[in-house]
Amino acid sequence: MILTLTLLCSLAFFKFFGKALKKKPAVLYGICILLSLVSIFYPREGGLPFLDFFFKKIMQRGVLAGSLFILVMLAPVLPKRFSGRKTIYLLRGEMAISASLITLAHNLAFGGKYFGAVFFGQGHISLMELHAAIVSCLMILLLIPLTITSFQSIRRKMQAKSWKKLQNWSYLFYLLLYLHIFFIYQGALIRGKGEYFFTLMLYSFIFGFYGFLRIRQYRIQKESKEKKAVPLLRIAGILPIVCLFLSVFYSAGKYRAALEANVDKIRVQETVAESKESAESKGSEEEKNDSSEKASEAAGDKDSAKSSDGSSDSQGSDANSASGAYKDGEYLGKASAYNGNVEVKVTISGGKITAIDIVKTKDDEEYFFDAQKKVIPEILEKQSTDVDAVAGATTSSEGIAHAVEKALEQAKQ
């Protein structure tokens with residue numbers, strides 16, 4: 001739905017303002033740079049609904065850039081009777097440059113996490129995300145020369161044959177663009193985001209249709225309309241996509257299971273370490289109590305009575321702790337989540353949990369938000385971390401609950 005809307009709006013924009021933009025393309029490029037900068041520094045929370053939708057769903061996620069690249073890709077192969085073909089064809093250079101500038105916002109919004117994991121081993125990313133990041137690097141390497149040579153001033157200085165040979169690399173760029181989109185959405189589907197299935201199928205249809213028209217156009221030019229080649233081209237276009245879909249789905253599922261098992265292992269180790277520290281602390285307290293009792297016996301009955309009163313107070317405190325009452329204040333807790341640690345701040349007022357805030361997380365915003373909006377309200381309602389995880393964001397959900405547990409342990413001390 002978002003892709004279709006963005007494609008239609010982009011087409012309408014260039015159709016109405018195309019002539020003016022062709023005369024002064026610098027205005028268009030300035031708008032794209034401005035939108036990219038706003039997108040990069042746009043706040044994660046507290047924005048207006050319309051602006052949130054535009055900058056978070058369309059700009060940061062690369063939907064607008066992808067839509068412009070799709071229009072540029074389709075321009076040479078669309079039927080001549082298509083009303084918008086002339087507009088797209090005449091402005092495809094300006095569209096390509098605009099898409100490249102907007103891509104900057106997309107890469108800066110997500111590149112810190114994914115490129116950091118690929119090149120520096122920072123954080124955890126899934127197999128699909130790893131593939132998408134590698135493909136993105138290759139796309140950037142191709143995009144730089146393709147964008148520079150799309151400027152009219154640069155194009156005029158090049159020989160026609162040299163320029164055309166360089167621009168032929170755009171076919172590889174389109175293939176990589178589809179693979180990047182495929183890996184991103186396939187990863188979302190594996191996490192249980194079924195609503196992305198139709199979006200992925202729409203992308204697949206658009207790129208598959210382009211591939212069919214491009215190959216058909218080539219065959220027509222070379223062999224004068226070989227109609228027998230059409231069914232073969234359809235099979236050739238669909239079969240690799242099906243094979244890639246099945247193989248990637250299987251391998252990603254295996255990687256996801258292994259990653260979650262590793263997270264569980266880390267949590268077990270943390271639990272063992274905590275139990276050991278608790279046992280050592282308890283043993284130290286028992287030694288102190290033994291020495292206190294001996295000192296009380298030596299001092300006399302009066303001191304012994306005081307010791308007895310102190311022991312009674314201690315038992316009362318333990319009883320309060322066991323009953324679930326917490327000390328008022330703010331407490332921090334940290335636990336392992338999908339892409340590293342998640343840190344929370346738990347506020348206790350009147351002996352009850354009144355607020356839970358996320359201080360820090362490296363998990364994907366989209367999936368983490370699903371876990372956050374369900375798990376936190378349930379913990380507040382039940383006054384317990386014994387809540388169900390969110391399907392598709394299980395590890396993030398468990399990470400939030402474990403972090404809250406760590407904070408509550410401090411509140412009981």
(message) Donor-acceptor check, side chain of S170 to backbone of L146, threshold 3.5 angstrom: yes or no?
(response) no

(message) So does I353 get a backbone contact from the side chain of Q383, meaning a donor-acceptor N/O pair under 3.5 Å?
(response) yes

(message) Please report the interatomic distance CD1(I184) to CD(Q186), rounded to the nearest 0.5 Å.
(response) 11.5 Å

(request) Write down the atom of S39, the atom of Q60, and the distance for their closest heavy-atom approach. (result) O-NE2, 2.9 Å

(request) Report the C-alpha distance between R155 and Q152 in whole Å, list the side-chain angles of each, state the deciding distance to 0.1 Å, and finish with yes or no for side-chain contact (heavy atoms from CB on, under 4.5 Å). (result) CA-CA 5 Å; R155 180 177 178 178; Q152 288 294 332; 4.3 Å; yes

(request) Indicate the ring-plane relationship of F182 and Y178, choosing parallel, tilted or perpendicular according to the 30° and 60° boundaries. (result) tilted

(message) Working to the nearest 0.5 angstrom, can you tell me the gap between L176 CG and L142 CG?
(response) 6.0 Å

(request) State the CG-CG distance between L7 and L74, to the nearest 0.5 angstrom. (result) 8.5 Å

(message) If you count every heavy atom of other residues, nucleotides or ligands that lies below 6.0 Å from D386 atom CG, does the total exceed 12?
(response) no

(request) Would you confirm whether S204, through its side chain, and L200, through its main-chain N or O, come within 3.5 Å as a donor-acceptor pair? (result) yes

(message) Is any side-chain heavy atom of R92 closer than 4.5 Å to one of S150?
(response) no

(message) With rounding to the nearest 0.5 angstrom, report the CG to CG distance, L3 to L8.
(response) 9.5 Å

(message) I'd like to know whether L408 forms a side-chain contact (heavy atoms from CB on, under 4.5 Å) with I348, so could you lay out the CA-CA distance, the side-chain angles of the two residues, the decisive distance to 0.1 Å, and finally the verdict.
(response) CA-CA 9 Å; L408 293 178; I348 305 295; 4.0 Å; yes

(message) Is it the case that over 12 heavy atoms from other parts of the model lie below 6.0 angstrom from the CZ atom of F13?
(response) yes

(message) Could you report the tightest heavy-atom contact between K334 and K406, atom names first, then the distance?
(response) O-NZ, 3.3 Å

(request) Hey, can you tell me if Y203 and Y185 have their rings parallel, tilted or perpendicular (30° and 60° cut-offs)? (result) tilted

(request) Would you check if V375 and V404 make a side-chain contact, meaning some heavy-atom pair closer than 4.5 Å? (result) no

(message) Testing the basics here: between V342 and A403, what is the closest heavy-atom pair and its distance to 0.1 Å?
(response) O-CB, 3.8 Å

(request) For the residue pair K374 and V387, establish whether any side-chain heavy-atom pair is separated by less than 4.5 Å. (result) no

(request) For the residue pair K22 and K19, establish whether any side-chain heavy-atom pair is separated by less than 4.5 Å. (result) no

(message) Is any side-chain heavy atom of I102 closer than 4.5 Å to one of M59?
(response) yes

(request) Find the distance between CD (E405) and CD (E398) and round it off to the nearest 0.5 Å. (result) 10.5 Å

(request) Would you name the heavy atoms of F207 and Y174 that are closest together and state the gap between them? (result) CE2-O, 3.4 Å

(message) Does any part of the side chain of F53, heavy atoms only, come nearer than 4.5 Å to the side chain of I2, both counted from C-beta?
(response) yes

(request) Verify whether one side chain among T6 and S67 offers a donor that lies under 3.5 Å from an acceptor in the other. (result) no

(message) I'd like to check I88 versus F14 (side-chain heavy atoms, cut-off strictly below 4.5 Å). Are they in contact?
(response) no

(request) Search all heavy atoms of S98 against all heavy atoms of L68 and return the closest pair with its distance. (result) CB-CD1, 4.1 Å

(message) Testing L71, I70, L5 one by one against S10 for a side-chain contact (heavy atoms from CB on, under 4.5 Å), which residue passes?
(response) L71

(message) Does K352 have more than 12 heavy atoms from other residues, nucleotides or ligands lying within 6.0 Å of its NZ?
(response) no

(request) Side-chain contact test, heavy atoms from C-beta onward, threshold under 4.5 Å: evaluate it for Y42 versus L51 and give yes or no. (result) yes

(request) Please answer whether the main-chain N or O of T149 pairs with a side-chain N or O of W163 as donor and acceptor at a distance below 3.5 Å. (result) yes

(request) Would you check, one step at a time, whether the test ring-ring contact (aromatic ring centres under 6.0 Å, His included) holds for Y326 with Y331? (result) CA-CA 11 Å; Y326 304 113; Y331 304 91; 8.5 Å; no

(request) Please report the closest heavy-atom contact between T103 and F69, naming both atoms and the distance. (result) OG1-CE1, 3.6 Å

(request) Answer yes or no: is there a donor N or O on one side and an acceptor on the other, between the side chain of D328 and the main chain of G351, under 3.5 Å? (result) yes

(message) Keeping Q410 on the side-chain end and L332 on the backbone end, is there a donor-acceptor pair under 3.5 Å?
(response) yes

(request) Please step through ring-ring contact (aromatic ring centres under 6.0 Å, His included) for the pair F151 and Y29, ending with a clear verdict. (result) CA-CA 11 Å; F151 287 95; Y29 305 150; 5.7 Å; yes

(message) Once rounded to the nearest 0.5 Å, what's the spacing between atom NE2 of H180 and atom CG of L138?
(response) 11.5 Å

(message) Between T385 (side chain only) and A401 (backbone N and O only), is there a donor and an acceptor less than 3.5 Å apart?
(response) no

